Amino acid sequence: MLREIRPAIVLLVALTVITGLVYPLAMTRIAGVLFPSQAQGSLIEKDGKVIGSALIGQEFKDDRYFHGRLSATVAPDPNDSSKTVPAPYNAANSGGSNLGPTSKALADRLKEDVDKLKAENPGQPVPLDLVTTSGSGLDPHISPEAAQFQVPRVARARNMPEDLLRQIVAANTESRLLGLIGEPRVNVLALNLALDRAGK
């Protein structure tokens, strides 16, 4: 009987070592050589200190900065572990809110957010991505329209000309991959860093 089982055990051990150890280590090494920045998490540094990743959004509340998409990620409530509390851009708990189109809570939140943005920039249509969450809850990008919508608020807060801000947004707008894949987008962290470099 051992003669029949031995090849299966050897094959199991060999495939476990190959697919569970050798292959992942080889791919990690190759990725580190070919794409060093991406393999390390696409980290963004400022003054030698890591301040974020180009792949994970951050929450900006100050009017002096462009705001990203809403994040529906949560974390355990420190006061009651059976409940959760909002934790925007919590990379340990990626996911959407799971609220559907018939949800009253979602409808109320959307109305409140739309009303707030309309008051901020009257007469302009509110871009959808400023009031909806992404599927992952970690999206670092907004549409160019969402960035342009925020220009008047940021211009007032920084006492900067709107034309200069629109140029900064345009300079930080990423186009479609190979001109075909995806949509034009603006990385909010990169845009806010460019804004700080502009000096006001």
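Computed from a predicted model, the values in this text were never measured in an experiment.
For Glu59, the CD atom sits in a packed shell: over 12 heavy atoms of surrounding residues, nucleotides or ligands are nearer than 6.0 Å. The local environment of CZ in Arg166 is crowded, with over 12 non-hydrogen atoms from other residues, nucleotides or ligands closer than 6.0 Å.
With sequence neighbours excluded, the residues satisfying side-chain hydrogen bond (donor to acceptor under 3.5 Å, both in side chains) with Glu183 are Arg176. Checked against salt bridge (Lys or Arg N to Asp or Glu O under 4.0 Å), Asp129 has no partners two or more places apart in sequence or in another chain. Under the rule for a salt bridge (Lys or Arg N to Asp or Glu O under 4.0 Å), the partners of Lys111 that lie at least two apart in sequence or sit in another chain are Asp115.
Leu138 is not connected to Leu43 by any chain of hydrophobic side-chain contacts under 4.5 Å among Ile, Leu, Val, Met, Phe, Trp and Tyr, and they are in different clusters. Linking Ile, Leu, Val, Met, Phe, Trp and Tyr residues whenever their side-chain heavy atoms come within less than 4.5 Å leaves Leu55 and Leu70 in two separate clusters. Transitive grouping of hydrophobic side chains (ILVMFWY, heavy atoms separated by less than 4.5 Å) brings Met27 and Leu34 into a common cluster.
We find the CD-CG distance between Glu174 and Leu191 to be 10.5 Å, quoted to the nearest 0.5 Å. To the nearest 0.5 Å, the span separating NZ on Lys46 from CD1 on Ile51 amounts to 6.0 Å. A distance of 11.5 Å separates CD in Gln40 from OG in Ser53, rounded to the nearest 0.5 Å. Note that CD1 of Ile5 and CD1 of Ile9 are 6.0 Å apart. Values are rounded to the nearest 0.5 Å. Atoms CG and NE2, from Leu117 and His67 in turn, are 9.5 Å apart once rounded to the nearest 0.5 Å.
Proximity of Gln58 to Asn192: side-chain heavy atoms (C-beta onward) are nowhere separated by under 4.5 Å. The closest side-chain heavy-atom distance from Asn187 to Pro140 is below 4.5 Å. Considering only heavy atoms from C-beta on, Gln148 stays 4.5 Å or farther from Leu165 through its side chain. Side-chain atoms of Val154 and Asp63, non-hydrogen and from C-beta on, never get closer than 4.5 Å to each other.
Pairs passing the ring-ring contact (aromatic ring centres under 6.0 Å, His included) check and including a residue from residues 26-64, sequence neighbours excluded, read Phe60-Tyr65.
Remark: the backbone N or O of Arg69 is not paired with any side-chain donor or acceptor of His141 at under 3.5 angstrom. Here the side chain of Asp47 pairs no donor or acceptor atom with the backbone of Lys49 at under 3.5 angstrom.
A salt bridge is absent between Asp196 and Arg64; no separation between the charged side-chain nitrogens and carboxylate oxygens falls under 4.0 Å.
Considering every non-hydrogen atom in both Ala194 and Ile168, the closest pair reads CB-CG2, 4.1 Å. Here the closest heavy-atom approach between residue Pro24 and residue Thr19 is recorded as CD-O, 3.4 Å. Summarising the geometry of Leu130 relative to Gly68, their closest heavy-atom pair is CD2-O, 4.4 Å, with the distance given to 0.1 Å. Across all non-hydrogen atoms, the minimal contact from Glu4 to Pro7 is O-CD, 3.5 Å. Smallest separation of non-hydrogen atoms from Val169 and Val151: CG2-CG2, 4.2 Å. Taking each heavy atom of Pro184 and Pro144 in turn, the nearest pair found is O-CD, 3.3 Å.
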Does Val17 form a side chain to side chain contact (heavy atoms under 4.5 Å, CB included) with Val22? I'd like the steps, not just the answer. CA-CA 6 Å; Val17 169; Val22 175; 4.1 Å; yes
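By the 4.5 Å side-chain criterion applied to Ile, Leu, Val, Met, Phe, Trp and Tyr, Ile181 is assigned to a cluster that also includes Leu177, Leu178, Leu180.
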Donor-acceptor pairs under 3.5 Å, side chain of residues 120-127 to any protein atom, not counting sequence neighbours: which ones?
{"residue": "Glu120", "atom": "OE1", "partner": "Arg153", "partner atom": "NE", "Å": "3.4"}
{"residue": "Glu120", "atom": "OE2", "partner": "Arg153", "partner atom": "NE", "Å": "3.2"}
{"residue": "Asn121", "atom": "ND2", "partner": "Phe149", "partner atom": "O", "Å": "2.7"}

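Under 3.5 Å, the side chains of Thr173 and Arg185 contain no donor-acceptor pair of N or O atoms.
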